[in-house]
Amino acid sequence: QKEVEQDPGPLSVPEGAIVSLNCTYSNSAFQYFMWYRQYSRKGPELLMYTYSSGNKEDGRFTAQVDKSSKYISLFIRDSQPSDSATYLCAMSSDSWGKFQFGAGTQVVVTP
Amino acid sequence: DTGVSQDPRHKITKRGQNVTFRCDPISEHNRLYWYRQTLGQGPEFLTYFQNEAQLEKSRLLSDRFSAERPKGSFSTLEIQRTEQGDSAMYLCASSPDSGGYTFGSGTRLTVV
């Protein structure tokens, strides 16, 4: 079993809808969490970086961490066709070392 | 600063040849990481540096792989005697002390 599980999708939503993404993990030591957006054949782009449990909001993006359930979420409000990409979650027990990535969820926002 | 820079963007090489990739991190970031990503998968950790010290290496980094970061600035990743299984996107990232990686655009390696 992988340490980080992420549904590969594809997840198709109409423009303007809320996109809901999530990852589950097994390592209770994880306390640093990141969400990345990756367009085809490009490097990942950092969207959100959070520590421990709770919510963090940045523009149209909201990240949630529930350490008791070992579950993290990313919500994208007012989705746009330009949000069509693969979204990767990543997590680690410390802020400076290696991060464990999920396999990514492909999102398609249709006009 | 324009972010993390990787060179080359694409590399096609014949099996058995050696290849070297370069990464220039964001100048104020003292941590530098190498990851490998294959199609449909998330990035897998290879190694990381704090300044010029290589602090951790994954078991994925076989004896054919070597990474350096002389003087704590740019880094190189060399693969000797390439195999078809080495075909992947090689990603470099850098991080400030406060955390959070910034990735480069990657070097796509194709071994034929």
Side-chain angles (χ1 to χ4, degrees), chain A residues 1-11 21-25 27 30-52 56 58 61 63 65 72 74 85-107, chain B residues 2-7 9-10 21 23-26 29-51 53-61 67 87-110:
Chain A
Q1 185 181 0
K2 294 182 180 180
E3 272 193 303
V4 180
E5 296 282 355
Q6 190 174 7
D7 188 325
L11 177 63
L21 302 163
N22 59 76
C23 289
T24 58
Y25 61 95
N27 188 340
F30 288 155
Q31 53 182 349
Y32 294 89
F33 305 92
M34 300 192 287
W35 284 97
Y36 284 86
R37 176 173 63 195
Q38 187 173 28
Y39 294 111
S40 180
R41 296 182 173 268
K42 301 291 186 183
E45 174 192 4
L46 180 64
L47 295 174
M48 301 288 277
Y49 176 59
T50 56
Y51 167 71
S52 194
K56 182 176 181 178
D58 185 0
F61 300 95
V65 175
I72 67 170
L74 178 72
T86 295
Y87 289 80
L88 298 158
C89 64
M91 47 198 78
S92 178
S93 56
D94 53 62
S95 66
W96 58 86
K98 65 182 179 184
F99 272 71
Q100 192 71 35
F101 281 80
T105 298
Q106 184 185 2
V107 172
Chain B
T2 56
V4 178
S5 176
Q6 291 190 246
D7 184 69
R9 293 293 306 276
H10 306 276
F21 311 140
C23 172
D24 287 90
I26 294 172
H29 290 181
N30 62 0
R31 298 188 186 122
L32 185 149
Y33 307 80
W34 285 99
Y35 279 76
R36 180 173 69 186
Q37 186 178 26
T38 54
L39 197 62
Q41 299 298 316
E44 295 176 294
F45 172 80
L46 294 178
T47 188
Y48 96 94
F49 294 83
Q50 179 156 335
N51 300 312
Q54 188 173 19
L55 297 187
E56 188 172 353
K57 292 170 60 174
S58 165
R59 56 185 171 81
L60 291 175
L61 217 65
S87 295
M89 173 83 92
Y90 289 84
L91 293 162
C92 176
S94 67
S95 173
D97 289 342
S98 55
Y101 292 178
T102 299
F103 279 96
S105 296
T107 293
R108 182 168 297 280
L109 173 67
T110 302

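Numbered from 1 within each chain, the chains take letters A, B, ... in sequence-line order.
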Of all of [options], which one pairs up most often with chain A through heavy atoms under 4.5 Å apart?
options: P43(B), A93(B), S95(B); result: P43(B)
options: S98(B), G99(B), P96(B); result: G99(B)
options: G100(B), G104(B), G106(B); result: G100(B)

Taking side chain as everything from C-beta outward and backbone as N, CA, C, O, which of these in [X] sits under 4.5 Å from a heavy atom of chain A? Side chain, backbone, both or neither.
X: S58(B); answer: neither
X: Y101(B); answer: both
X: F103(B); answer: both
X: Q41(B); answer: both
X: Q6(B); answer: neither

Can you name the nearest heavy-atom pair linking G42(B) to L88(A), along with the distance?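 Scanning both residues completely, I find the closest heavy atoms to be CA-CD2, 4.0 Å.
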Looking only at heavy atoms, which of residues 41-51 of chain A get nearer than 4.5 Å to chain B?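 R41(A), K42(A), G43(A), P44(A), L46(A), Y49(A) fall under the 4.5 Å cut-off.
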Top residue by heavy-atom pair count (under 4.5 Å) with chain B, among S95(A), A90(A), G97(A)?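 The candidate making the most pairs under 4.5 Å is G97(A).
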Is the distance between the ring centroids of F99(A) and Y33(B) under 6.0 Å?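 So the answer is no for these two rings.
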